[in-house]
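Take a look at the structure set out below.
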Amino acid sequence: MIVDYHMHLREDGERISHTVETVERWVEAAAARGVDEIGFTEHGYYFRETRSLWAMPYELERCIYPIEPYVEAVVEAKRRGLPVKLGLEVDFRPGREEETRALLEPYPWDFLLGSVHYVDGLAIDSSPSLIASIGAEEAYRRYTEMLAGAAASGLFDSLSHPDLVKFHGDVLPWDWSPVLDALDGTCLEVSTAGLYKPHGRLYPEAELLRAAHERGVAITLASDAHEPANVGRDLDRGIEHARAAGYETLTVFDGRDARQEPLG
């Protein structure tokens, strides 16, 4: 089975379009690439119902959309029998776990992705960057600490692009055991999005993925597409990456219940 469990419900050019008709276009694009099921995971900070969680200008400027049209579009598509799942990509906020849980609880999620895009007010994948401000090794340490907090929070079903800290090309050998120690039923995402970032590499690095497999950590598969043309992009390389680390199955979610299916 091939799934793509990280994408943002937009039209071409990243225009927000939370409608059933747009969902249908994504499903058509996925089918053309041989993807069996897709999961929409819009950024949580786009929705004004979650506004109390956000502090960065980038987040607050985008926090203007109601969440109901997004939820209803995907739920209606599911009702029509389309192979879609309802998810959300949520940036982890240390110390705000219960607030996050309460804000998300009313909605019928199939799965939730946990992300870390900011540490101490500095960006991981934009500027001013954490690495440029404090150096690569200290940035990795702080990022790992926050990602381990996300893993331990119990909020998320999978951690998206788990070694995003390498975004600007600083790929360090690193001890990811704090994150792996904190995972308890939470998956790691194997993402092809990194192939189109400054470092040009898959997420996560092979060493982290092999260590996760050795500990029995399950995986999800994703493209992180922001337009229909990119759904399922390079998932064959993601599958090859996962197989090289020892994986033979991937995780499929339904109502936050997980099951394993053969990979590819």
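Contact check on R33 versus D4 returns no salt bridge, with no Lys/Arg side-chain nitrogen under 4.0 Å from an Asp/Glu carboxylate oxygen. Salt-bridge formation is not detected for the pair E28/R25: no Lys NZ or Arg NE/NH1/NH2 atom is positioned less than 4.0 Å from an Asp or Glu carboxylate oxygen. Salt bridge absent: E248 and R243 never bring a charged side-chain N and a carboxylate O closer than 4.0 Å. By the 4.0 Å N-to-carboxylate-O rule, R101 lies too far from E99 to be salt-bridged with it. Ion pairing of R80 with E24 is present here, as a side-chain N (NZ or NE/NH1/NH2) and a carboxylate O approach within less than 4.0 Å. Checked for salt-bridge contact, R48 and E68 miss the test: no charged N lies under 4.0 Å from a carboxylate O. Salt-bridge check for E138 with R141: passed, with a basic side-chain N closer than 4.0 Å to an acidic carboxylate O. Ion pairing between D120 and R142 holds under the 4.0 Å rule for side-chain N and carboxylate O. Ion pairing between a basic and an acidic side chain is recognised when a charged N comes within 4.0 Å of a carboxylate O; R201 and E205 show such pairing.
In this structure, CG in L208 is found 8.5 Å from NZ in K166, a value given to the nearest 0.5 Å. To the nearest 0.5 Å, the span separating SG on C187 from CG on L250 amounts to 9.5 Å. Taken to the nearest 0.5 Å, the OG1 atom of T144 stands 8.0 Å off from the CG atom of D175. Note that OH of Y247 is 10.0 Å distant from NE2 of H241, once rounded to the nearest 0.5 Å. Distance CZ/R237 to CG/L195: 4.5 Å, rounded to 0.5 Å. Taken from OG in S160 to NE2 in H117, the straight-line distance is 6.0 Å, to the nearest 0.5 Å.
A cation-pi arrangement is found for R10 relative to Y46, the charged atom lying closer than 6.0 Å to the ring centre and inside a 45° cone about the ring normal.
No side-chain heavy atom of Y65 sits less than 4.5 Å from a side-chain heavy atom of Y70. S126 places none of its side-chain heavy atoms less than 4.5 Å from the side chain of Y58. T41 has its side chain out of reach of Y5: every pair of non-hydrogen atoms, C-beta onward, lies at least 4.5 Å apart. At least one side-chain heavy atom of E37 sits under 4.5 Å from a side-chain heavy atom of M1. For the pair E42 and F47, the minimum side-chain heavy-atom distance is below 4.5 Å.
V231 and L202 end up in different hydrophobic clusters when Ile, Leu, Val, Met, Phe, Trp and Tyr side chains are linked at under 4.5 Å.
Around the CD atom of E207, the shell of radius 6.0 Å holds more than 12 heavy atoms that belong to other residues, nucleotides or ligands. The environment of CD in E137 is sparse: at most 12 heavy-atom neighbours from other residues, nucleotides or ligands sit within 6.0 Å.
When ring centroids are compared, H8 and H18 stay outside the 6.0 Å threshold. In this structure, H168 has its ring center no closer than 6.0 Å to that of H199.
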* Under the side chain to side chain donor-acceptor pair (under 3.5 Å) criterion, do T50 and W54 qualify, and how do the steps go? -> CA-CA 8 Å; T50 68; W54 318 121; 2.8 Å; yes

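With sequence neighbours left out, the ring pair (Phe, Tyr, Trp, His ring centres under 6.0 Å) criterion links W109 to Y107. Taking the side-chain hydrogen bond (donor to acceptor under 3.5 Å, both in side chains) definition, one finds that Q260 meets it with T249, T251, sequence neighbours left out.
Between the D224 side chain and the A193 main chain, no donor and acceptor come within less than 3.5 Å of each other.
Under the side-chain hydrogen bond (donor to acceptor under 3.5 Å, both in side chains) criterion, the residue pairs touching residues 181-197 are H6-E189, D181-R215, Y196-D234, with sequence neighbours excluded.
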